[in-house]
Number of protein chains: 2
Amino acid sequence: MALRPMARTDVNRSAILAHLGAHGPASRAELARALNLSPALMTQLTKDLLADGLLRELAHQPSQGGRPARMLGLVASAGRAVGVKVAADHLAFVEVGIDGSVLRTASEPFDASATTMLAKLVELLRRFIAGGADTPLLGIGVGVPGDVDRQGEGVVDSTQLGWTHAPIGESLRRELGLPVLVENNVNALAMAERLYGLGRRHDSFLVVTIGTGVGAAIVVDGVILRGSRGGAGEVGHTPVRDDGPLCSCGNHGCLETFLSEDALVRIARERGVIGASAGIEALRDAADSGDDRATAVFSEAGHLLGRTVAGLVHVLDPEVVILLGEGTADWTHWSYGFEPAFRAALIPSRRGVPIAVERWQDDSWAQGAATLVLATPFDADGSMGEQGDLVRRRLVQQAAPPEADS
Amino acid sequence: MALRPMARTDVNRSAILAHLGAHGPASRAELARALNLSPALMTQLTKDLLADGLLRELAHQPSQGGRPARMLGLVASAGRAVGVKVAADHLAFVEVGIDGSVLRTASEPFDASATTMLAKLVELLRRFIAGGADTPLLGIGVGVPGDVDRQGEGVVDSTQLGWTHAPIGESLRRELGLPVLVENNVNALAMAERLYGLGRRHDSFLVVTIGTGVGAAIVVDGVILRGSRGGAGEVGHTPVRDDGPLCSCGNHGCLETFLSEDALVRIARERGVIGASAGIEALRDAADSGDDRATAVFSEAGHLLGRTVAGLVHVLDPEVVILLGEGTADWTHWSYGFEPAFRAALIPSRRGVPIAVERWQDDSWAQGAATLVLATPFDADGSMGEQGDLVRRRLVQQAAPPEADS
DNA sequence: TATGGTTTGTTTAGTCTTGAAGTAAGGGGA
DNA sequence: TCCCCTTACTTCAAGACTAAACAAACCATA
């Protein structure tokens, strides 16, 4: 079988790869159960993948009471992926292996508002890619703070970056000749969480990030909810007070103007908790050393966050809420306000919803973007357009050994 | 997480029936376009439905420049459905034809908190059904204010009715021997809206109801978002003020304590706008006749609703928001507060989201419940369990003339 | 009147998936 | 040791769906 048709929407072959990448070797039966597919189909699909050289059979596993399972594993040399996080003032890069492990990271200053921004982005990406491993590069994931169009073209609107209809995806694709997946950064994080984190065991969950802003991603039945124009999850601009501070979106009193790092610093300065030119570190230090006024700043923010998340839990009824972002470094201070406010605001039947605060690492954003490349085929119905197909094609192309068919 | 096994439940035959019911006769080509299926499949499916006696070929339509279309229409005698709205103090019944048209309505007093409540419900349903037309009854739709489990069993939790784990679906099925579909009442309304209303032209929309409470239903890609335990859309208990009035859920300051009919009456009484024993009609009359303090009550509620809905639009990014419920009768008064608050609270890129206030009729709730029966097969992935199948089977069973196949 | 264009509907071959029924390979008693 | 049970995998027939090619029925126009 020289050229398998490699169908238009063959999600499941990729799902197998993604699952093996995320969980390590597994038997056909395990895969069938995990992916909710019939054993019959699993036989069929793995046969193809084995023939393509993407999978290989490993040792048998001791019997579980019946016939022992033949384990299947990824062929490790099958590929790598690169992720970029775009922020207003810098770029963060990550290279991951096909199993999602971080191989390499980098960070570069970047001015998102510069007119030459696109050229600069391409240049820095090229440089990072060049330094990479020898295994085939499957694609680039780009995480941006803002709305991305649904069709997977990669047109970005972002107040934070000052971009309107920026055709990031198309430009990068043209310049780099690689599959490029552009996604909202919180959604990218949710995807990573789904593949490697808590989301593995939950089909519907909510990811909330705190840090430079406030964001949310909604996963329903394993799929990211994008909304009609890719803008779902914009929780940062929930109106809180009519007469609140001016927000970057032009309105007054958005949630972000009370919870973002800048907001906390502003409030702390106004109250004289920290000096007029001090930053978030000063506030953190003060809180860590027991300054009541400093802990109050965090706990008030936690209170507001708790009420907001409670509202989201009412509206979306997730199985679990995952808290992420730079701000979680100070979570102990936030939690004094968050926990009581959150639980008190929930209707009784929802009070048991678990809140998971996951450890945050500096390259998490970029890692989330990178996993897009490995995960997107996972994401049914081509919400990422043809890029998923392209990634898959590259995988097969690289791995398939020349062979003759019977 | 199966990515679209799209189970054996044959959604499309039902979709054809539902479409014809909602829009009247159509050609195969029209159907294929409307339902986004290939013409080839449409030929196949309609052949089956014609053989089953559910469809019949009508006259040709004048050519549109090519071959003239052969119209297909429902066989009207194929079935009817009954819908019940369950409220704390009464039941509302509706009988609809296979095309969704209302054939008959009734209303009966009912005490949802009585221990004999289930028996009473069965009895009143039996009586209503008995008075119906001669065409086969396809099933019963039940709309309840509260959470319904996801599996379509029909287990209900409702603070409003004082029910916990009430096995409504199973009981009714056993007693009546009919398919029974239990659903949150706002979701039922959303389903009706999807089949017969604005939802026909929109895949993602938000339904918000105002009246005795505040509710929301979320439709994403044509499917109702139910959340992990069927409780999505509980917008009425969004926390608004820590020290607000006591809500039926046990918390203080829920949205409902500011926007429900009871809340408006309470506020108006407190302010002396209406007498201490006057009701919502008195407040409406006062507002209609230009009483500034009365209109202020409505417009303040509108303001709060506007900000809340803006938050939902940020989080869910719907194509359109549909406003329904008894409260929309006073919408002109609400809108003075709603419109400015809503638009002002939206981020610029969302300001264009249309708000549709649809005309409200007394039997809308029950009609929504009834359309569940006709619509549920529409609702992919068997989120309503086997009941959809049962309804379909009844349709075919009744209509199929005995015939031998080639 | 022929000719081409347009829309409608059907046939055919082929893909993806499943359920049912089998085969393979171990285990634990009697 | 033999028989049955369990689990893992495979084969097979069949359904749902699509793309592509075709046939049918009309219109316009030269």
Side-chain angles (χ1 to χ4, degrees), chain A residues 1 3-16 25-51 55 57-72 377 380-382 389 392 396, chain B residues 1-16 25-52 55 57-72 377-378 380-382 386 388-389 392-393 396 405-406:
Chain A
M1 60 181 76
L3 285 182
R4 196 190 312 295
M6 204 32 138
R8 48 213 166 285
T9 333
D10 176 13
V11 178
N12 289 329
R13 282 185 182 76
S14 321
I16 293 172
S27 70
R28 290 171 239 268
E30 270 179 85
L31 285 169
R33 282 190 296 266
L35 302 178
N36 211 2
L37 298 170
S38 65
L41 182 58
M42 200 48 69
T43 294
Q44 208 50 45
L45 295 179
T46 53
K47 192 190 291 172
D48 294 354
L49 291 171
L50 284 165
L55 253 46
E57 291 198 310
L58 307 176
H60 286 274
Q61 244 199 352
S63 160
Q64 315 259 58
R67 171 173 169 179
R70 190 75 192 257
M71 303 302 277
L72 299 172
D381 74 9
D389 266 347
R392 221 169 307 139
V396 176
Chain B
M1 123 232 13
L3 296 181
R4 342 199 74 183
M6 195 50 115
R8 60 233 146 282
T9 31
D10 175 13
V11 178
N12 289 329
R13 283 185 181 77
S14 321
I16 293 172
S27 70
R28 292 168 176 81
E30 269 178 87
L31 285 169
R33 281 190 298 265
L35 301 179
N36 214 359
L37 298 171
S38 65
L41 181 58
M42 201 47 69
T43 294
Q44 207 51 45
L45 296 178
T46 52
K47 192 189 290 173
D48 293 354
L49 291 171
L50 285 165
D52 284 344
L55 254 46
E57 290 200 309
L58 308 175
H60 286 273
Q61 245 202 350
S63 160
Q64 315 259 57
R67 170 174 170 176
R70 189 76 194 257
M71 302 304 275
L72 298 172
F378 218 17
D381 75 7
E386 52 174 4
D389 264 347
R392 218 169 310 136
R393 214 156 289 157
V396 175
D405 207 301
S406 61

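Worth saying up front: this structure is predicted, and the values here are computed from it rather than measured. Below, read A as the first sequence line, B as the second, and so on, with proteins coming before strands; counting in each chain starts at 1.
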Integer-rounded Å distance: [N] [atom2] and [X] [atom1]:
| X | N | atom1 | atom2 | answer |
| --- | --- | --- | --- | --- |
| Glu57(B) | dG9(C) | CD | C1' | 11 Å |
| His60(A) | dG26(C) | NE2 | C1' | 11 Å |
| Gln64(B) | dG9(C) | CD | P | 10 Å |
| Glu30(A) | dA8(D) | CD | P | 8 Å |
| Gln44(B) | dC17(D) | CD | P | 11 Å |
| Asn36(A) | dT18(C) | CG | C1' | 12 Å |
| Ile16(B) | dG9(C) | CD1 | P | 13 Å |
| Leu37(B) | dT18(D) | CG | P | 5 Å |

Inset, instruction - Measure the spacing between CZ of Arg28(B) and NZ of Lys47(B) and express it to the nearest 0.5 Å. - result: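 It comes to 9.5 Å.
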Inset, instruction - Rounded to the nearest 0.5 Å, what's the gap from CE on Met42(A) to OG on Ser27(A)? Could you check? - result: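 So the CE of Met42(A) and the OG of Ser27(A) are separated by 9.5 Å.
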Inset, instruction - Quick one: label Ala40(B) by what it contacts on the DNA or RNA (base, sugar-phosphate, nothing), any heavy atom closer than 4.0 Å. - result: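 Ala40(B): base contact, heavy atoms under 4.0 Å.
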Inset, instruction - Please work out if Pro68(A) contacts a base, only the sugar-phosphate, or nothing of the nucleic acid, heavy-atom cut-off 4.0 Å. - result: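 If one applies the 4.0 Å heavy-atom cut-off, Pro68(A) turns out to touch the sugar-phosphate alone, with no base involved.
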Is the closest side-chain heavy-atom distance between [X] and [Y] below 4.5 Å?
| X | Y | result |
| --- | --- | --- |
| Leu72(A) | Leu58(A) | no |
| Thr46(B) | Glu57(B) | no |
| Met71(B) | Glu30(B) | yes |

Respond yes when some side-chain nitrogen or oxygen of [X] is under 4.0 Å from OP1 or OP2 of [N], and no when none is.
| X | N | value |
| --- | --- | --- |
| Ser63(A) | dG26(C) | no |
| Arg67(B) | dC27(D) | no |
| Arg70(B) | dA25(D) | no |

Legend entry - Contact nearer the 5' end of DNA chain D, comparing Ser38(B) with Met71(A):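 With Ser38(B) and Met71(A) compared, the 5'-side residue is Met71(A).
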Legend entry - Most 5' of Thr43(A) and Gly66(A) on DNA chain D, judged by nearest nucleotide: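 So the residue in question is Gly66(A).
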Legend entry - Earlier contact from the 5' end, DNA chain C, for Ala29(B) and Leu41(A):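 That would be Ala29(B).
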Legend entry - Per Ala69(B) side chain, nearest of listed nucleotides dG9(C), dT18(C), dC9(D):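 Nearest to the side chain of Ala69(B) among the choices is dG9(C).
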Legend entry - Side chain of Lys47(A) (C-beta onward), nearest among dT11(D), dC17(D), dG9(C):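 Nearest to the side-chain atoms of Lys47(A), counting from C-beta on, is dT11(D).
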